[in-house]
Number of protein chains: 2
Amino acid sequence: MTLASRLVLLIEDDAQIRHVVRTLLQLEQLGVVEAADGASGLAAARNHKWDLLIIDLGLPDSDGLQIIEQVRRWSAMPIIVLSARSAEADKVAALELGADDYLSKPFGARELVARVRVALRHAGNRGGHGALVQIGPWRIDLTARRTQDAAGGSLHLTRTEYRLLEVLHQRLGLVVTHRALLQQVWGPGSAERIAYLRVYMRQLRSKLEPDPTRPRWLLTDTAVGYRLVQGEAGPSESE
Amino acid sequence: MTLASRLVLLIEDDAQIRHVVRTLLQLEQLGVVEAADGASGLAAARNHKWDLLIIDLGLPDSDGLQIIEQVRRWSAMPIIVLSARSAEADKVAALELGADDYLSKPFGARELVARVRVALRHAGNRGGHGALVQIGPWRIDLTARRTQDAAGGSLHLTRTEYRLLEVLHQRLGLVVTHRALLQQVWGPGSAERIAYLRVYMRQLRSKLEPDPTRPRWLLTDTAVGYRLVQGEAGPSESE
DNA sequence: CGGTTTCTTTATGGTTTCTTTACGGCGCGC
DNA sequence: GCGCGCCGTAAAGAAACCATAAAGAAACCG
């Protein structure tokens, strides 16, 4: 997850429609998870943080309206309703319960995509923070590109430095090979320029590590790669 | 803020539809102002602060799509489109230009009301009223578009400047990428004109920052974007 | 319609960030 | 304890990026 892509939960019993919608959303660079019935859909809705919920009202096991009501008890995520029912009363009911949009089947592919974009546009305005990495005194928000300590002091890192931390953080605690780092940070074709890594690792250490000569969080695996470990304590010193 | 204080601008040439919509909205405790053509509608849109714009695409004097595009240049207010055209291409075009919803005529009264409520719900969630930004000596009311200091002195900012601040404020403290800023301020298709950003950031800094050379609130993230930070102290470096 | 504000576009010089190269140290196998 | 590979460190040139000024174009307002 280089750029944390957005995640959509799709609750729909008809496999064919599921496939169509999934394909459309994936073309929009969206991650899609499917649920085929209300029960598993509701469970999935609870277990992750979604950027959008698309739900069919005509589910076999439960009423889609009830699911909307449930979801709205704890989440403000955008909800788009798909439905075979096109009666006005159905639309009004869904919208009043907290849905943000309502499409009657059959719907056009491009219209669906456009309305999904609108929903995400709205959601995008609610700014959220990403995962925090803790390195010594520093708390690093990789998505916001912000690095602060407990006292509120801030530290400036460059684009490449954040990128490197991002890749290391994807494999938190595990070693990332030179090759993998170079490819993910500098793109394919940079696989042999290990010198970059040395320069940037040093740079990061001198910015983040209290004692850059004895790193506790940005660790070297000689001849293999580098590794990021998290936590206030870091690996204990053994002198 | 009560519902009664919300104002809706209705741009629609058909007097009959105007009457119907006005009646429906007034039953919702909404204030309604009507415009019968595009030119006066656009003028009205500029001259007041609206909570919602409802616009017919089939205006005699101008293209409704162009009006949407214009309005989005300086305002993020919700826009609902009414249209006799029900072709998918029309819907997609309107939604992509920044409309939030699209109803084809004939539409049901209750559905219109429900969708209006959804639009206002979104607007209500957005930042809220009295979104004040404090930058140095200046207190900026983004919704009212007024800028004053403690002594009562006022400062004039242009539409684009306010819009830029608005977008930055939505992600207060976080980086907003060049691309995101350009798209949200200048519309889609302006993604490559970073020069705009440079010019306007400088303009804002020279108006707002006590020392524009050394910005404390409007910060640059080289090769990434810009960010707005709030607070009297400003950023503190510890490098 | 004419003056004024606002927006767009371009050129220049300064700053930050990236890349490249060189050198000394450390550890490991011989 | 010696050679070899790998690592950390430093620094300087190159490239990318940014702030600034200024002027022409467009939009706005009376």
Side-chain angles (χ1 to χ4, degrees), chain A residues 145 155-165 175 177-179 181-182 185-187 189-209 211-216 218-227, chain B residues 38-47 62 66-67 69-75 145 155-165 175-179 181-182 185-187 189-209 211-227 237 239:
Chain A
R145 292 171 177 275
L155 178 64
H156 178 72
L157 304 182
T158 71
R159 184 174 50 166
T160 307
E161 288 163 357
Y162 272 113
R163 194 78 206 291
L164 198 49
L165 281 178
V175 67
T177 64
H178 296 140
R179 171 170 297 268
L181 282 169
L182 287 164
V185 176
W186 281 270
S190 315
E192 300 309 322
R193 292 188 253 183
I194 298 184
Y196 289 7
L197 289 179
R198 298 211 240 281
V199 171
Y200 272 93
M201 287 304 297
R202 180 193 165 276
Q203 188 78 359
L204 275 174
R205 281 170 177 160
S206 71
K207 284 184 176 179
L208 298 172
E209 295 269 2
D211 178 3
T213 30
R214 228 159 329 135
R216 291 164 64 179
L218 292 160
L219 308 180
T220 302
D221 272 53
T222 300
V224 181
Y226 291 89
R227 172 167 35 144
Chain B
S40 62
L42 193 53
R46 302 192 91 99
N47 292 332
S62 48
Q66 282 178 11
I67 294 183
E69 198 171 13
Q70 286 287 317
V71 169
R72 273 288 172 269
R73 286 285 310 282
W74 79 87
S75 169
R145 313 235 141 153
L155 178 64
H156 175 72
L157 304 183
T158 71
R159 281 190 300 275
T160 307
E161 288 163 358
Y162 273 115
R163 185 98 179 91
L164 198 49
L165 281 178
V175 172
V176 187
T177 63
H178 297 138
R179 171 170 296 267
L181 281 169
L182 287 165
V185 176
W186 281 271
S190 315
E192 301 307 324
R193 292 186 253 183
I194 296 183
Y196 290 7
L197 287 179
R198 304 226 170 92
V199 172
Y200 273 92
M201 287 304 298
R202 179 190 165 278
Q203 189 78 359
L204 276 174
R205 281 170 176 160
S206 70
K207 284 183 176 180
L208 299 172
E209 295 268 2
D211 178 4
T213 318
R214 201 169 291 276
R216 290 166 64 183
W217 292 279
L218 292 161
L219 307 181
T220 302
D221 266 58
T222 302
V224 181
Y226 293 88
R227 88 174 71 203
E237 284 289 329
E239 190 178 346

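We name chains A, B, ... by the order of the sequence lines, and we start the count at 1 in each one.
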Atom pairs, N/O to N/O, protein against nucleotides 27-30 of chain D, distance under 3.5 Å?
unit_1	atom_1	unit_2	atom_2	d
D/dC28	OP1	B/Arg46	NH1	2.8
D/dC28	OP1	B/Arg46	NH2	3.4

Separation of [Y] [atom2] from [X] [atom1] (nearest 0.5 Å):
X: A/Leu204; Y: A/Glu209; atom1: CG; atom2: CD; result: 9.5 Å
X: A/Thr158; Y: A/Gln203; atom1: OG1; atom2: CD; result: 7.5 Å
X: B/Arg46; Y: B/Arg159; atom1: CZ; atom2: CZ; result: 3.5 Å
X: B/His156; Y: B/Glu161; atom1: NE2; atom2: CD; result: 7.5 Å
X: A/Leu157; Y: B/Asp221; atom1: CG; atom2: CG; result: 10.0 Å
X: A/Arg205; Y: A/Arg216; atom1: CZ; atom2: CZ; result: 13.5 Å

For atom CD of A/Gln203 and atom C1' of D/dA11, their distance in whole Å: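 After rounding, the gap between these two atoms is 12 Å.
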Between D/dA11 (C1') and A/Tyr196 (OH): distance, integer Å: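 Going from OH in A/Tyr196 over to C1' in D/dA11 covers 17 Å.
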Set of residues satisfying salt bridge (charged side-chain N to carboxylate O under 4.0 Å, His left out) with respect to A/Arg179, sequence neighbours excluded: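 Checked A/Arg179 against salt bridge (charged side-chain N to carboxylate O under 4.0 Å, His left out); matches are A/Glu192.
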Any B/Val185 side-chain heavy atom under 4.5 Å of B/Leu197 side chain: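 Sidechains of B/Leu197 and B/Val185: no contact.
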Closest non-hydrogen atom pair between B/Pro212 and B/Pro215, with its separation: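 So the two residues come closest at O-CD, 3.6 Å.
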Among B/Thr220, B/Val175, B/Leu164, side chain to side chain contact (heavy atoms under 4.5 Å, CB included) partner for B/Tyr226: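 Only one of B/Thr220, B/Val175, B/Leu164 forms a side chain to side chain contact (heavy atoms under 4.5 Å, CB included) with B/Tyr226, namely B/Thr220.
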Bounds of contact between DNA chain C and chain B, in 5' to 3' order, using a heavy-atom cut-off under 4.0 Å: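 Nucleotide range in contact with chain B: C/dT6 to C/dT17.
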DNA chain C: 5'-proximal contact among A/Arg193 and B/Thr158 (nearest heavy atom):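 Result: B/Thr158.
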Which residues share a side-chain hydrogen bond (donor to acceptor under 3.5 Å, both in side chains) with B/Tyr200, sequence neighbours left out: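 Applying side-chain hydrogen bond (donor to acceptor under 3.5 Å, both in side chains) to B/Tyr200 gives none.
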Can you tabulate the close N/O pairs, meaning under 3.5 Å, that link protein atoms to atoms of nucleotides 18-24 of chain D?
unit_1	atom_1	unit_2	atom_2	d
D/dC18	OP1	B/Ala223	N	2.7
D/dC18	OP2	B/Arg198	NH2	2.5
D/dA19	OP1	B/Arg205	NH1	2.6
D/dA19	OP1	B/Thr220	OG1	2.6
D/dA19	OP2	B/Tyr226	OH	2.7
D/dA21	OP2	B/Arg202	NE	3.3
D/dA21	OP2	B/Arg202	NH2	2.3

The helix from C/dC1-D/dG30 to C/dC30-D/dG1: angle between end helix axes, five pairs per end, rounded to 10 degrees: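 Inter-axis angle at the termini of the helix from C/dC1-D/dG30 to C/dC30-D/dG1: 40°.
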Donor-acceptor pair, side chain of B/Ser75 and main chain of B/Arg72, under 3.5 angstrom: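 Looks like no, no N/O pair under 3.5 Å.
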